[in-house]
Structure formats: C-alpha cells, structure tokens
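Working notes for the structure below.
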Amino acid sequence: RNFVNKIWNASRLTFALLDNVGSAAEAGPSSFLPDKWIRSRCRKVAREVAEAIDTYRYSDAAHLLYNFVWHEFCDWYLELVKPVLYGKVVDGDRAATGKVLRSTFSDILALLHPFMPFVTEELYQRMPSRSHESIMIAPFPRGDEGEADEESERRMDVIMGVIDVIRNIRGEMAVAPNVKVDVLVRANGERDLIESYAYFIKELARVEVLAFTDTKPERAAMGIYKEIEIFVPIKDPEVIVRELARVEKELTKMEAEIARSGKKLQNRDFREKAPAEVIRKEEATYDELLSKREKLMANRSRLEAILGTK
C-alpha cells in the first residue's frame, strides 16, 4: 500500500512538472547530469528486470523496481529536477529535462505493469501525450548494456554522496530542518563537479554558503565521501562534544567494517573461488575504509585538542 501511495504521489508531481513545461517533443538530448544519470540507471534496471522475469525470478524483479522507483526516481531525481522545471535555474534546459522525465516515468509504468496492472494502466491513461492507447500494448523497456553511462553514474554518486554526508552531519548535530548551515569542502579533484552542481547541493542539504578549502578548519564537524572531506563549522562547545561522540561512534562502526572486510580478504576460499573482479572490488573497499579511518582519527584528535581533553 505504501509503495502504491508513493507512485501515485510521484505521478501527481510528475504530471504537474510536465504541465509546467508544456510540449517537449522537439527537445534535444539533455546535458543535465541528473537526466543522464536517471536514463542510464533506468536502462540498467530495465535490463536487469527483463532478465529476472525471463528466468522466473519475479521477487528479484520486484525488488529491483521497488528500490529504483522509491530511492532513485522519487527520493533523488524528482527533487533534483524540480528547480529546473519550475524555472529556478537560469541555465536549465526545461524542455530537455521534461522530455527525460516523461520518458523515464513512462518506462517505470511499463516496467511495473506486470506487477501492478491496474494502477499503472490508470496512471498511463493520465499521461500527457502518451504514445499508445493502452499500456498493455506499449513496448516493454529492455535496456541495452551499451547504453549505460558509467561516468554520469560515477559523477552523480559524488553529488549524492556529498549531500548525504551533509545531511548526516546535520542530523548528528541536531540542526533544525529550517536552519541552513555553512559548509567547507576539501574536494580532492572533484571541485569542478561540485561547483557545477552547488545550487542543487545547497537546496537539498539546506546549505547557506558552500565554499572550498585546502586546509582543515579547527572547529568543524567532518564527514567523508570517498576522498572528499566535508566540514560544517561549529562554535558551541556542546556541539563539539556531540560531534566528538559522533566521530567515536563512526570509528567504532568503521573498525567493525574493516575487520569484516579484512577477514573476507584473508579467507582462502574467497581468494580461490571468487572472480578476480570481486576480489579487486573488496580490496578497493578495504583500502577506502582504512583511508576513512585515518581521516576520522585525525578529526577526533583535532576535536579533543579543541576541548582540551588530550
């Protein structure tokens, strides 16, 4: 029931956004990163769902669609395109983004139709400029593996990762939702990307000022996404105490993950039986965890020095 409500509400927002754009039939390809990302993800999910259905793994297909629709399309994509389609972004191509939104939502309805025939038919009939009389005769999306855009997915992961880190820091610091925070970013090679999408980071993470730094500020909460370090300056000593507790908690979690990954890599059966790509991926994960632990420990030392506890 919750999932049906989510789709229904997403459809209402989608149709409102499309009405705001008007006809986008003649629009060209979109250069907007979230558009390129969602099309790549949609093609991948379509291919994986088709393969799951063809091999009678219906629960796997349903799980793939649930995660894609709820966590990627609704939670991320719709929120990212709202400023563009409402005209809040000066250089946004509303027609191109509207075209991507229409095609993606149409694909979602088609992919969901075998599992939810009635609600998807009802929503398809409400689609502006639908291409078929009924969703039952619309083609089932089957993504081509060659259509995947790995670079756009990687770049979009960076934007979402930065937003998630800021949101996590806000939550741990108990910052009220209506209060904006200042953020400093040590970008480590991703500055151009983050600058290009700074407006969207600020909108989704409730940021007042987003700036870049090459040094670690003394009084700041810190979060890490891969090699990117994110700082939220803090002044209240009580907030620093809470941030130190958060870092300790994160370090405890990190130690457990390092132990798990290290044990897996030391397992002879894993080394002998796992594909080389899986082993390389686990080794990269282990190295990334070690790097994060090192940065968190440095942050803990800095906070302890501010409080005079060490």
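Only heavy atoms go into these numbers, but all of them, side chains included; no hydrogens, no water, no symmetry mates.
Ser103 places a side-chain N or O within 3.5 Å of a backbone atom of Lys99 that can act as its donor or acceptor partner. Proximity of a side-chain donor or acceptor of Ser291 to a complementary backbone N or O of Glu288 within less than 3.5 Å is not detected. Between the side chain of Ser261 and the main chain of Ile258, no donor-acceptor pair closer than 3.5 Å is present. Judged by distance alone, the side chain of Arg167 and the main-chain N or O of Leu204 form a donor-acceptor pair under 3.5 Å. In this structure, the side chain of Tyr225 does not engage the main chain of Met160 through any donor-acceptor pair within 3.5 Å. Formation of a donor-acceptor pair under 3.5 Å by the Tyr124 side chain with backbone atoms of His132 is found in this model. With hydrogens and angles disregarded, no donor-acceptor distance shorter than 3.5 Å links the side chain of Arg271 to the backbone of Gln266.
For Arg186, the side chain to side chain donor-acceptor pair (under 3.5 Å) test picks out no residue, with sequence neighbours left out. Arg41 meets the side chain to side chain donor-acceptor pair (under 3.5 Å) test with Glu72; sequence neighbours excluded. In this structure, the side chain to side chain donor-acceptor pair (under 3.5 Å) partners of Arg57, at least two apart in sequence or on a different chain, are Thr55, Asp60. Under the side chain to side chain donor-acceptor pair (under 3.5 Å) criterion, Lys202 pairs with no residue at all, not counting sequence neighbours.
Between Tyr197 and Phe200, the two ring planes are tilted [angle within 30° to 60°].
Only one option out of Ile108, Thr120, Leu112 pairs with Ile7 in a side-chain contact (heavy atoms from CB on, under 4.5 Å); it is Leu112. Remark: of the listed residues Glu255, Glu250, Glu257, Glu255 is the sole one forming a salt bridge (charged side-chain N to carboxylate O under 4.0 Å, His left out) with Arg293.
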*Leu123 vs His113, side-chain contact (heavy atoms from CB on, under 4.5 Å): CA-CA, chis, key distance, verdict*: CA-CA 11 Å; Leu123 292 175; His113 184 64; over 6 Å; no
*Should Met116 and Val4 be marked as a side-chain contact (heavy atoms from CB on, under 4.5 Å) after you check the CA-CA gap, both sets of side-chain angles, and the distance that decides it?*
CA-CA 9 Å; Met116 307 166 66; Val4 174; 3.5 Å; yes
*asked:* Test side-chain contact (heavy atoms from CB on, under 4.5 Å) on Glu51 and Arg47; report intermediate values, then the result.
replied: CA-CA 6 Å; Glu51 289 173 356; Arg47 184 177 71 251; 3.7 Å; yes
*From CA spacing to verdict: side-chain contact (heavy atoms from CB on, under 4.5 Å), Tyr77, Val100*: CA-CA 11 Å; Tyr77 182 67; Val100 170; 3.4 Å; yes
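Ion pair Arg155/Asp192 not flagged as a salt bridge, since none of the NZ, NE, NH1 or NH2 atoms sits closer than 4.0 Å to an Asp/Glu carboxylate oxygen. A salt bridge is defined here as a Lys NZ or Arg NE, NH1 or NH2 lying under 4.0 Å from an Asp or Glu carboxylate O, and Arg39 with Asp107 meets this definition. A salt bridge links Glu150 with Lys44: the closest approach of a Lys/Arg side-chain nitrogen to an acidic carboxylate oxygen falls below 4.0 angstrom. Contact check on Lys281 versus Glu277 returns no salt bridge, with no Lys/Arg side-chain nitrogen under 4.0 Å from an Asp/Glu carboxylate oxygen. For Arg154 and Glu190, the salt-bridge test passes: some basic side-chain N is under 4.0 Å from an acidic carboxylate O.
Residues Pro83 and Tyr199 approach most closely at CB-CE2, 3.6 Å, considering heavy atoms. Across all their heavy atoms, Glu153 and Ser40 have their closest contact at OE2-OG, 2.6 Å. Listed here is the closest heavy atom pair of Ala110 and Pro141: CB-CD, 3.6 Å. The minimum heavy-atom distance linking Phe115 with Tyr58 is given by the pair CE2-O, 3.7 Å. Heavy atoms only, all atoms of each residue included: Leu111 and Ala46 are closest at CD2-CA, 3.9 Å. Nearest heavy-atom pair across Ile166 and Ala205 is CG2-CB, 3.7 Å.
The closest side-chain heavy-atom distance from Phe231 to Val185 is not below 4.5 Å. Put simply, the side chain of Trp37 does not reach to within 4.5 Å of the side chain of Asp149, judged on heavy atoms. In this structure, Leu13 and Asn9 have side chains that are not in contact, with every pair of non-hydrogen atoms separated by 4.5 Å or more. Considering only heavy atoms from C-beta on, Trp76 stays 4.5 Å or farther from Ile38 through its side chain. In this structure, the side chains of Leu109 and Met127 come closer than 4.5 Å at one or more pairs of heavy atoms. By the 4.5 Å heavy-atom criterion applied to side chains, Leu193 and Leu33 are counted as neighbours. Taking the side chain as every heavy atom from C-beta outward, Met156 and Leu80 approach each other to under 4.5 Å. You'll find the side chain of Lys82 stays beyond 4.5 Å of the side chain of Leu78, heavy atoms only.
Summarising the geometry, atom CD belonging to Glu282 is positioned 4.5 Å from atom NZ belonging to Lys264; distances are rounded to the nearest 0.5 Å. In this structure, Asp91 CG and Ser196 OG are separated by 9.5 Å, a value rounded to the nearest 0.5 Å. In this structure, CZ on Arg43 lies 14.0 Å from CD on Glu48, to the nearest 0.5 angstrom. Atom CG of Leu17 is separated from atom CZ of Arg102 by 11.0 Å, given to the nearest 0.5 angstrom. Atom-to-atom distance recorded for Ile163:CD1 and Glu79:CD is 10.5 Å, nearest 0.5 angstrom. Rounded to the nearest 0.5 angstrom, Leu296 CG and Arg300 CZ are separated by 9.0 Å.
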Show every donor-acceptor pair shorter than 3.5 Å between a side-chain atom in residues 206-216 and any protein atom, with sequence neighbours excluded, or say none if there are none.
| residue | atom | partner | partner atom | Å |
| --- | --- | --- | --- | --- |
| Arg206 | NE | Pro177 | O | 3.3 |
| Thr213 | OG1 | Thr215 | N | 3.1 |
| Thr213 | OG1 | Thr215 | O | 2.8 |

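In Glu195, the CD atom is crowded: over 12 heavy atoms of neighbouring residues, nucleotides or ligands sit closer than 6.0 Å.
The hydrophobic cluster containing Phe140 does not contain Phe118, counting ILVMFWY residues as joined when their side-chain heavy atoms lie under 4.5 angstrom apart, directly or transitively. Under the 4.5 Å side-chain heavy-atom criterion for grouping Ile, Leu, Val, Met, Phe, Trp and Tyr, Ile137 is not connected to Val119 through any hydrophobic cluster.
Evaluation of the salt bridge (charged side-chain N to carboxylate O under 4.0 Å, His left out) test over residues 122-134, restricted to residues two or more places apart or in two chains, returns Glu122-Arg126.
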